[in-house]
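Notes follow the structure.
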Amino acid sequence: MTAASPGPDIRAAIAALEAEIAGACARAARPAGEVAVVAVTKGHPAERARDALAAGLADLGESRAQELAPKARALAAERPGPGEAPRWHFIGHLQRNKVREVVPLISCLHSLDSQRLLRAIEREHGRLRESRGGAASPLPCYLQVNVAGDPAKHGVAPGELEPLLEAALASEAVVVLGLMTVAPEGDPESARPHFRALARLAREHGLTGLSMGMTDDYRVAVEEGATLVRIGRALLGERATGAG
Ligand SMILES: *Cc1c(COP(=O)(O)O)cnc(C)c1O
């Protein structure tokens, strides 16, 4: 597929997704239009990310540094104008030794999950500030919570959220947008208590952003209050490579 044909399949998928999100908002008596979509391009080549952008998806998600960096560079090289650039969201576990590579490329981190990672982001923020002559905006972040206590998932335990949140709120290097979780695999209805628990935690801490819901469970997530869903397969089809 070329840049000249931005993919009618993606446009149709966006329309279908928006209708589903509107339906879920209606079922939950939520106002329509308060759910943002991040299109997850992991496992797809840079051309597919370019098609997503051309179809109107400006927020793109990646979960691995080694996949994000070449795609972000490829699209940046073609689209130097700031208005046309995608906003990259990092949605996977961020290793501290990848902070220097990833942070300058992204608009939002969905997986802040430890004070050690926060400290590494602060060091990178300081370095960027110096190299940019005193100006570096803080990185918008979601704190990832492992509400289900799933050993296969990253995120702080709900009981450990408080100290991490306090440290992040006090930090000049990040802005806390809210909480994020990845529900265990399984039938979407089984994710509901986890989404509900994340929404309750956010409320208790005065946070409004909720990054929750993927292709299989986003309807339930929106019913439970998601303000942002991270959607790969429902927008871009099956992944060519098994990106985690
Ligand atoms: C891959 C991934 C998604 C998107 O998954 P789909 O099932 O393709 O929608 C969302 N969030 C995270 C953290 C992911 O790793």
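Only heavy atoms go into these numbers, but all of them, side chains included; no hydrogens, no water, no symmetry mates. In each ligand, atom 1 is the first atom listed, and ligand 1 is the first ligand listed.
Taking 4.5 Å as the limit, every side-chain heavy atom of Leu143 sits out of range of all side-chain heavy atoms of Leu207.
Numbered from 1 in the order shown, with element, the atoms of ligand 1 that lie under 4.0 Å from a heavy atom of Ile231 read 9 (O). The atoms of ligand 1 that sit less than 4.0 Å from any heavy atom of Thr215 are 6 (P), 7 (O), 8 (O), 9 (O). Shown in contact with Arg230 at under 4.0 Å from a heavy atom are these atoms of ligand 1, numbered in order with element: 4 (C), 9 (O), 10 (C), 11 (N), 12 (C), 13 (C).
For Lys42, every heavy-atom contact with ligand 1 shorter than 4.0 Å involves the side chain, none the backbone. Residue-level proximity to ligand 1 for Ile91 is carried by backbone and side chain together, each with a heavy atom below 4.0 angstrom.
With side-chain heavy atoms closer than 4.5 Å counting as contact, directly or through intermediates, the hydrophobic cluster containing Val38 also holds Tyr142, Val175, Leu177, Met180, Val182, Met214, Leu228. Grouping Ile, Leu, Val, Met, Phe, Trp and Tyr residues whose side-chain heavy atoms lie under 4.5 Å apart, directly or via other members, places Val40 in a hydrophobic cluster with Ile91.
Checking only distances, Arg233 does come within under 3.5 Å of ligand 1, N or O to N or O. When only interatomic distances are considered, the shortest N/O to N/O separation between Gly232 and ligand 1 falls below 3.5 Å.
Proximity of a side-chain donor or acceptor of His110 to a complementary backbone N or O of His89 within less than 3.5 Å is not detected. A donor-acceptor pair is defined here as one N or O able to donate and one able to accept, closer than 3.5 Å; such a pair exists between the side chain of Arg48 and the backbone of Leu236.
Ligand 1 has no atom lying under 4.0 Å from any heavy atom of Asp216.
With atom 8 (O) of ligand 1 as the reference point, the heavy atom nearest to it among Lys153, Arg239, Met212 is part of Arg239.
For Glu189, the CD atom counts as densely surrounded, since its 6.0 Å shell holds more than 12 non-hydrogen atoms of other residues, nucleotides or ligands. No more than 12 heavy atoms of other residues, nucleotides or ligands lie within 6.0 Å of CD in Glu172, so this atom counts as exposed by the packing criterion.
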